[in-house]
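Okay, so here's the structure we're looking at.
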Amino acid sequence: MIARLHQLVGKIAVGISSRLRPPVFLGVKLFLMNAEGEVLLIKTSYAPGFVLPGGGVEPGETCIEAALREGREEGGVQETGTPKLFHVYLNREFENRNHVVMYVSRGTAKPDERSAKLEVVAAGFFAPNSLPEDVTDATRRRIREVTEGLAPASYW
């Protein structure tokens, strides 16, 4: 009887703790590279600078499904291959609880600009040595990690 009561109290404590603690956010980024070695970057209406396509993982969705969905929605690309897991980063901008899973895919075709959503104001492929001036620092680092073989950072 005492053991059951102890288990019940433990379950209640875990339930309360999980409701008081902010949830962990899981996001994805998709590093898409075409046959010419150019990287797909997007620019949104709500944040400054060019970035890799990406977003949050929806309930019931795997990370790779989310990455492919974001590539379609934001980049306007229909991926035919299977992107490979590259690294998992911690993005400290969001209370140290935001993890970003990045996938890499090579040989992606040109984006279909008609399929980009309203949130995306620009999308295109850029050579790693000829990036737009306003590419974010984190995106520049990811590009160097993939194209130059730099060790992946722990933080986004």
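Keep in mind that this is a model prediction, so the values were computed, not measured.
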Exercise. Find out whether Arg140 and Val135 are in side-chain contact, i.e. whether some heavy atom of one side chain is under 4.5 Å from a heavy atom of the other.
Key: yes
Self-check item: Closest non-hydrogen atom pair, Val146 against Arg106
Solution: CG1-NH2, 3.7 Å
Self-check item: Atom pair OG1 (Thr147) and CZ (Arg142), whose distance is rounded to the nearest 0.5 Å
Solution: 12.0 Å
Practice problem: Please tell me if the side chains of Arg97 and Phe25 come closer than 4.5 Å, counting only heavy atoms from C-beta onward. | Solution: no
Exercise. Mind listing the closest non-hydrogen atom pair of Tyr103 and Ile64 along with its distance?
Key: OH-N, 3.5 Å
Quiz item: Should Glu65 and Arg69 count as an ion pair when the cut-off is N to O under 4.0 Å?
Solution: no
Exercise. Would you name the heavy atoms of Leu32 and Phe125 that are closest together and state the gap between them?
Key: O-CE2, 3.7 Å
Practice problem: Indicate yes or no: at least one non-hydrogen side-chain atom of Lys29 is less than 4.5 angstrom from one of Trp156. | Solution: yes
Practice problem: Would you please test Val39 and Thr139 for side chain to side chain contact (heavy atoms under 4.5 Å, CB included) and show each step? | Solution: CA-CA 11 Å; Val39 180; Thr139 301; over 6 Å; no
Quiz item: Which atom names give the shortest non-hydrogen contact between Glu74 and Ala123, and what distance separates them?
Solution: O-CB, 4.4 Å
Quiz prompt | Check: His87 side chain, Met102 main-chain N or O, donor-acceptor pair, under 3.5 Å | solution = no
Practice problem: Report yes if the side chains of Asn98 and Val100 come closer than 4.5 Å at any heavy-atom pair, otherwise no. | Solution: yes
Quiz item: Say you draw a straight line from CG of Leu52 to CZ of Phe31; how long is it, rounded to the nearest 0.5 Å?
Solution: 6.5 Å
Quiz prompt | Contact check, side chains of Phe86 and Glu145, non-hydrogen atoms, under 4.5 Å | solution = yes
Self-check item: Min side-chain heavy-atom separation Val101-Leu26 under 4.5 Å
Solution: yes
Practice problem: Could you grab the distance from atom OG1 of Thr62 to atom CG of Leu68, nearest 0.5 Å is fine? | Solution: 8.0 Å
Practice problem: Please go through Tyr155's hydrophobic cluster and name the other residues, only I, L, V, M, F, W, Y counting, with side-chain heavy atoms under 4.5 Å joining them. | Solution: Leu90
Practice problem: Could you pull out the closest heavy-atom pair between Ala67 and Leu30, with the gap in Å? | Solution: O-CD2, 3.2 Å
Practice problem: Drop me the distance from Thr136's OG1 to Arg141's CZ, to the nearest 0.5 angstrom. | Solution: 13.0 Å
Self-check item: For the student: nearest non-hydrogen atoms of Pro53 and Ile42, plus distance
Solution: CA-CD1, 3.9 Å
Quiz item: Is there side-chain contact between Asp134 and Pro48, with heavy atoms separated by less than 4.5 Å?
Solution: no
